[in-house]
Amino acid sequence: MFKHEKQLFHPVEIEQPNPQYAALLQEQLGGANGELKAALQYMSQSFRIKDMEIKDLFLDIAAEELGHLEMVAQTINLLNGHDVDANAVKAGEIQTHVILGLNPGLINASGYSWTGDYVTVTGDLCVDLLSNIASEQRAKVVYEYLYRQIEDKKVRETIDFLLNREEAHNAMFREAFNKVQDTGSNRDFGTTKAAKMYFSMSSPSPESDFKNTSVTPPSFK
């Protein structure tokens, strides 16, 4: 069961409309590393988890990601202003101006529709947790890129909050992984001598200026 609280997870404001930046921010609404992808991925993965503590973690973070989705959509709304004007968007998607009436859509910054192919579910908790850790890190990087491309202090506050929540989720998933890292595919495979062998397949060319041409293999502790 879900309940919608009639308040944003974190206040959202802007200093002034910026339709060009609104098009960029669409990436975190309907893109491959966006909030909708994260919410549905974690929710989908939770269905078969037997550890109730980790199951709740997945669902709690999924619910928070839906709150982030609402924040991103509201920011896009404010940045777009109130007039349909594709000329205000120098590059990027223009679907919102010609199809959606400036309503934030489930599309990325190039106008491509969100797809369930973005969602990764394997049924193996170790694999799904590692996938989620990577997802949070990728989302964090996208927010970092977005942060650097806007001078609006109010928008920056929103992005900074979202960016830091991605880091928090990353830490939670890492802690959960530490708890189960010897289960599933990590327990059943990767245990033979072949899993602890390193092959150096790269050799610097004779013309290389590298002084140290040796490669140190991983320790496989």
Side-chain angles (χ1 to χ4, degrees), residues 1-2 9 23-73 75-76 92-93 95 104-147 159 161-192 194-195 218 220:
M1 180 178 72
F2 290 92
F9 198 81
L24 299 181
L25 195 55
Q26 276 287 156
E27 190 63 33
Q28 286 303 77
L29 188 66
N33 301 301
E35 302 293 355
L36 179 61
K37 171 265 177 78
L40 292 184
Q41 177 162 304
Y42 307 154
M43 188 181 300
S44 298
Q45 291 171 344
S46 75
F47 296 148
R48 196 168 168 79
I49 297 176
K50 296 180 175 61
D51 184 312
M52 294 308 299
E53 183 179 9
I54 294 180
K55 185 183 185 74
D56 284 348
L57 174 68
F58 276 53
L59 287 170
D60 287 343
I61 295 178
E64 183 180 343
E65 300 289 14
L66 289 174
H68 293 178
L69 181 81
E70 190 177 21
M71 288 177 60
V72 171
T75 305
I76 292 172
E93 65 84 16
Q95 269 86 337
L106 301 184
I107 55 178
N108 67 10
S110 297
Y112 291 105
S113 297
W114 187 90
T115 170
D117 291 340
Y118 294 154
V119 174
T120 299
V121 182
T122 69
D124 184 289
L125 189 51
C126 284
V127 175
D128 285 347
L129 278 166
L130 288 172
S131 178
N132 295 352
I133 291 168
S135 291
E136 292 292 333
Q137 196 71 20
R138 285 193 298 268
K140 181 181 174 184
V141 168
V142 175
Y143 275 128
E144 287 178 358
Y145 292 154
L146 287 166
Y147 186 91
I159 293 175
F161 172 81
L162 293 169
L163 194 158
N164 278 282
R165 290 308 300 163
E166 304 296 349
E167 178 59 32
H169 296 166
N170 197 326
M172 295 174 199
F173 283 135
R174 289 198 301 267
E175 185 175 341
F177 178 78
N178 289 338
K179 180 179 177 182
V180 301
Q181 61 182 319
D182 294 323
T183 67
S185 58
N186 277 13
R187 176 197 63 204
D188 300 329
F189 299 96
T191 58
T192 68
F220 291 115

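Along the sequence shown, the residues carry numbers beginning at 1.
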Sub-4.5 Å side-chain heavy-atom contact between [X] and [Y]:
X	Y	result
Glu27	Tyr145	no
Lys179	Asp51	yes
Phe9	Glu70	no
Glu35	Met71	no
Asn132	Ile61	no

Residues pairing under salt bridge (Lys or Arg N to Asp or Glu O under 4.0 Å) where one sits in residues 161-174, two or more places apart or in two chains, turn out to be Glu64-Arg165, Lys140-Glu167, Glu167-Arg174

Closest heavy-atom pair and its distance - [X], [Y]:
X	Y	result
Ile107	Ser113	CG2-CA, 4.0 Å
Ala139	Gln28	O-NE2, 3.6 Å
Pro104	Ala73	CG-O, 3.3 Å
Phe47	Lys55	O-NZ, 3.4 Å
Val119	Lys37	CG2-O, 4.2 Å
Met43	Leu59	CG-CD2, 4.2 Å

Would you give the length of the straight line joining atom [atom1] of [X] to atom [atom2] of [Y], rounded to the nearest 0.5 angstrom?
X	Y	atom1	atom2	value
Asn170	Arg138	CG	CZ	11.0 Å
Ser131	Gln41	OG	CD	4.5 Å
Gln45	Leu129	CD	CG	7.5 Å
Leu130	Asp124	CG	CG	9.0 Å
Phe177	Ile54	CZ	CD1	11.0 Å
Asp56	Ser46	CG	OG	9.0 Å

Can you tell me which residue among Asn108, Leu36, Leu29 is in a side chain to side chain contact (heavy atoms under 4.5 Å, CB included) with Trp114? Leu36

According to ring-ring contact (aromatic ring centres under 6.0 Å, His included), does anything in residues 48-67 pair up with another residue at least two apart or in another chain? List the pairs. Phe58-Phe173

Starting from the C-alpha separation in whole Å, work towards a yes-or-no answer on side chain to side chain contact (heavy atoms under 4.5 Å, CB included) for Leu162 and Val72. CA-CA 9 Å; Leu162 293 169; Val72 171; 3.9 Å; yes

Using ring-ring contact (aromatic ring centres under 6.0 Å, His included) as the criterion, list what pairs up with His169, not counting sequence neighbours. His68

